[in-house]
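For reference, the structure is listed below as structure tokens.
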Amino acid sequence: MTTTARAKKVPEFNPYTFLATIGDGRKFLTVSKKAMIFTQGDEANAVFYIQTGKVRLTVVSKTGKEATIGILKEGDFFGEGALAGQTVRMGSAGAMTDCELLRVDKRAMMDALHHEHAFSDMFVAYLLARNVRYQEDLVDQLFNSSEKRLARVLLLLAHFGKEGVPETVIPNISQETLADMIGTTRSRVSFFMNRFRKLGFIHYNGGLQVHSSLLNIVLHD
């Protein structure tokens, strides 16, 4: 028997299983579609982990203008600003679909990070990846056309480039939400979506299906 055959496969670290068994300071939540999880200005005292469903993060300016800053899925964390000294929420989080969440109090989350190295490593890697994503979003907003920004958002929502086949994008995501995310108008989003459909980059089949060929829009100069 070879060394490889004798070697045991190391089980993948499951943050949900770990957080669900840390004891006090965590709570399972069922949140209905369109319900708010927390609102901008609320006390920042916990971190959330998405077991199932999709969550929309938004922020409202002093003039009342709302912008979508992210759409999160199963396996994502949000509300982590509570760990970085934020005393109030800088934005809002709402359920785009029915969601199953795990709410972990700030103190319990800090204890978990200090005592479980595998979880700490995973969480830091997650935050670094999200920071890179935010930097990419900023560059995208500054230098790319609204058409390219829309194509990139659709590819990200479809999980293009990750393991497995791209999934159907959120069936009920509105063109207003997409316009918020890329900084343009609904009419422009509608124009580009119709163009993408005619070119065969997207189609509607029980929801919005995104094809990898849409990458041509992002890469084209």
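Using modelled atom types, one finds no donor on one side chain facing an acceptor on the other under 3.5 Å when comparing Ser190 with Ser187.
Thr68 and Arg56 get closest at one heavy-atom pair: OG1-NH2, 2.7 Å. The two residues Asp76 and Arg130 make their nearest non-hydrogen contact at CB-NH2, 4.4 Å. Of all heavy-atom pairs between Leu157 and Ile173, the closest is CD1-CD1, 3.7 Å. In terms of heavy-atom proximity, Ser213 sits nearest to Gly200 at OG-O, 4.0 Å. Residues Ala93 and Phe78 approach most closely at CB-CE1, 3.7 Å, considering heavy atoms.
With sequence neighbours left out, the side chain to side chain contact (heavy atoms under 4.5 Å, CB included) criterion links Ser61 to Thr63, Lys65. Residues satisfying the side chain to side chain contact (heavy atoms under 4.5 Å, CB included) test with Thr30, not counting sequence neighbours, are Glu100. For Arg188, there are no salt bridge (charged side-chain N to carboxylate O under 4.0 Å, His left out) partners at least two apart in sequence or on another chain. Listed by chain and number, the residues in a side chain to side chain donor-acceptor pair (under 3.5 Å) with Gln86 amount to none (sequence neighbours excluded).
Within a 6.0 Å radius of CG in Asp24, other residues, nucleotides and ligands contribute 12 heavy atoms or fewer.
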Return all side-chain donor-acceptor pairs below 3.5 angstrom for residues 33-48, not counting sequence neighbours, or 'none' if the list is empty.
{"residue": "Gln40", "atom": "OE1", "partner": "Val60", "partner atom": "N", "Å": "2.8"}
{"residue": "Gln40", "atom": "NE2", "partner": "Val60", "partner atom": "O", "Å": "3.1"}
{"residue": "Asp42", "atom": "OD2", "partner": "Thr39", "partner atom": "N", "Å": "2.8"}
{"residue": "Asn45", "atom": "OD1", "partner": "Arg103", "partner atom": "NH2", "Å": "3.1"}

Pairs of donor and acceptor atoms involving the side chains of residues 114-121, under 3.5 Å and at least two apart or interchain, shall be tabulated with distances.
{"residue": "His114", "atom": "ND1", "partner": "Met110", "partner atom": "O", "Å": "3.2"}
{"residue": "His115", "atom": "ND1", "partner": "Asp111", "partner atom": "O", "Å": "2.8"}
{"residue": "Glu116", "atom": "OE2", "partner": "Ala118", "partner atom": "N", "Å": "3.3"}

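Atoms OG1 and CD, on Thr58 and Glu66 in that order, are 4.5 Å from each other to the nearest 0.5 Å.
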